[in-house]
There are 2 protein chains.
Amino acid sequence: MAKRESNVDRVYEALRRMAADFAFKPDQRINESALSEVLGASRTPLREALNRLVAEGFLTFQINRGFFCRPLTPSYILDLYEARVAIECEALRIACLRAPNADIMAFSDYLDRLEPEYESATELEELLTLDESFHSRLVQLSGNSELQRMLKNLNGRIRYIRLIDLKRMRDQAEGRAPGDVSAHRQVLQGLEARDVEAATRALRNHIEKRREEATEAVRIAFSQLYVPDED
Amino acid sequence: MAKRESNVDRVYEALRRMAADFAFKPDQRINESALSEVLGASRTPLREALNRLVAEGFLTFQINRGFFCRPLTPSYILDLYEARVAIECEALRIACLRAPNADIMAFSDYLDRLEPEYESATELEELLTLDESFHSRLVQLSGNSELQRMLKNLNGRIRYIRLIDLKRMRDQAEGRAPGDVSAHRQVLQGLEARDVEAATRALRNHIEKRREEATEAVRIAFSQLYVPDED
DNA sequence: GAATTCCAAACTGTATACAATCTTGAATGC
DNA sequence: GCATTCAAGATTGTATACAGTTTGGAATTC
């Protein structure tokens with residue numbers, strides 16, 4: 001009977017989804033009154049949610065001018081992916097050193113179970129969710145809540161970069177990249193052998209490769225998308 | 001003439017300082033009305049600032065019960081320091097690979113210039129600021145804004161753990177630890193040689209050593225501090 | 001005396017009003 | 001034309017009011 005989720009939480013989640021789904025254009029000013037009507041809440045809880053998103057780096061804020069969608073520059077994308085390498089590789093290192101065998105085996109089972117889904121997935125969202133969950137489960141193995149929190153934040157902000165990347169991959173080659181699964185397996189093998197060097201090397205290579213592709217995909221998408229301003 | 005800082009920013013900074021200076025006891029409920037009077041602002045901007053702090057992990061929030069100061073458990077401290085290792089070691093790695101020589105030399109000069117201050121500093125706050133700025137300048141060398149943002153956040157939350165640690169060190173041994181300076185020099189030497197392995201090894205050891213001491217210091221401080229509840 | 005119920009006070013959640021500031025575009029001068 | 005000024009409208013900033021919820025303790029029951 002008791003409410004479990006606050007209105008601010010609901011608004012916050014809705015905004016995060018909107019941000020991940022291109023509802024705001026980069027550098028676009030966000031109109032609080034209009035948005036509060038769309039979301040069915042007054043400006044007070046809306047602004048509380050917007051402040052959370054600013055603190056998390058999704059949006060920016062200028063005094064007396066309000067909230068803005070963050071622009072998507074190549075150097076920003078580089079920063080985000082490098083931060084992912086930092087978080088994930090250290091988490092993997094910790095997992096190699098002290099994750100229980102049972103947890104590693106469960107992770108391996110999970111990968112086995114999902115491989116067919118990976119092969120058959122047709123929806124971009126589905127592929128994206130599978131990939132994200134591999135990485136976030138990996139970080140969970142470290143048992144470190146701060147690393148998990150940081151990865152969750154990065155994933156949220158990288159999400160639509162990934163979508164652009166996946167879209168391009170699908171359009172380009174009909175034979176969809178099985179590269180992810182094999183890269184993931186390679187990381188797992190290092191982890192199972194408790195070989196920090198091998199595991200982190202594989203993970204670092206995987207993420208950096210993805211970064212290069214994603215940067216290029218975003219560059220191309222933007223050069224096609226933002227020709228004039230279609231207002 | 002134009003205001004450069006919003007009221008929310010001012011309130012936010014004041015709250016961060018309060019959090020770092022033990023103004024809130026762990027697990028303490030924060031009374032919005034009382035706090036808004038102290039800070040000279042109404043509840044609306046106060047709550048916006050509090051929401052930022054929740055997003056950054058300084059405080060927690062429960063629906064219909066409000067905001068709470070985060071408790072300081074050993075596993076939380078471990079998580080924070082491990083996250084620092086992740087951020088700082090990757091930043092150092094990047095700096096080894098691509099920071100300009102001029103920047104590294106400037107960093108070295110900076111360390112030379114501050115060494116005497118390190119030796120003469122008597123105030124805990126002063127020592128703390130010196131140590132924090134070594135680490136944040138190191139991360140600046142990577143040129144990655146996300147890593148800088150993450151470290152800033154971690155430093156803010158670790159600040160009072162460090163204070164407890166430094167206080168204990170001062171009380172314990174009159175000959176104050178010169179260990180920091182020499183550890184910092186060792187990291188710098190690795191960086192100057194562009195030796196990723198040597199540099200990150202030194203940095204990792206330094207942070208992990210600090211973590212062990214800090215965890216112990218907090219354990220002792222809390223066992224002395226929270227005997228009953230002194231209301 | 002211990003457990004339970006219930007009520008009043010305290011507190012949080014949010015809509016709203018209004019002041020302060022910015023934006024836009026028309027009018028003006030060059 | 002082009003730049004400048006100015007005012008009306010739009011938008012943000014925040015105090016306040018009030019509804020909804022929780023809290024703490026007095027009253028009640030066993």
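So that the names make sense, note that chain A is the first sequence line, chain B the second, and so on, each numbered from 1. The basis for the numbers below is simple: all heavy atoms, side chains too, and nothing from hydrogens, waters or symmetry mates.
The shortest distance between the side-chain N/O atoms of Asn31(B) and the OP1/OP2 oxygens of dC11(C) is below 4.0 Å. The phosphate of dG13(D) (OP1 or OP2) has a side-chain N or O of Arg47(A) nearer than 4.0 angstrom.
Between the side chain of Arg65(B) and the base of dG13(C), no donor-acceptor pair under 3.5 Å is found. No hydrogens or angles were tested; on distance alone, a donor-acceptor pair under 3.5 Å links the side chain of Thr44(A) to the base of dT16(C).
If you measure from atom CD of Glu37(B) to atom P of dA15(D), you get 12 Å, rounded to the nearest angstrom. At whole-Å resolution of the value, CG in Asn64(B) and P in dA19(D) are 16 Å apart. Look at CZ on Arg43(A): it is 8 Å from P on dG13(D), rounded to the nearest Å. Straight-line distance from the CZ atom of Phe68(A) to the C1' atom of dT12(D): 11 Å, rounded to whole Å. Distance Asn7(B) CG to dT21(C) C1': 15 Å, rounded to the nearest Å. Distance Ile63(A) CD1 to dT23(C) P: 12 Å, rounded to the nearest Å. Atom CD in Gln62(A) sits about 12 Å away from atom C1' in dC22(C), given to the nearest Å. Here the C1' atom of nucleotide dT16(D) and the CG atom of Leu46(B) are 15 Å apart, to the nearest Å.
For Asn144(B) against Glu146(B), the heavy-atom pair with the smallest separation is OD1-N, 2.8 Å. Pro45(A) approaches Asn7(A) most closely through the heavy-atom pair CG-ND2, 4.3 Å. Taking every heavy atom of both residues into account, Arg47(A) and Phe67(A) meet most closely at NH1-CE1, 4.3 Å.
Side chain of Glu48(B), nearest nucleotide from dT14(D), dT12(C), dT12(D): dT14(D).
Backbone-only contact: Ile30(A) has heavy atoms under 4.0 Å from sugar-phosphate atoms and none from a base. Phe67(B) comes within contact range of no nucleotide atom at all, as no heavy-atom separation falls under 4.0 Å.
The residues Glu82(B) and Arg98(A) are annotated as salt-bridged, a charged nitrogen and a carboxylate oxygen being separated by less than 4.0 angstrom.
If you find the closest nucleotide of DNA chain D to Pro45(B) and to Arg29(B), the one lying nearer the 5' end belongs to Pro45(B). Toward the 5′ end of DNA chain D lies the nearest nucleotide of Glu32(A), the other residue of the pair Gly40(B) and Glu32(A) mapping further downstream.
Asn51(B) and Glu48(A) are linked by a side-chain donor-acceptor pair at a separation below 3.5 angstrom, with hydrogens and angles left out of the test.
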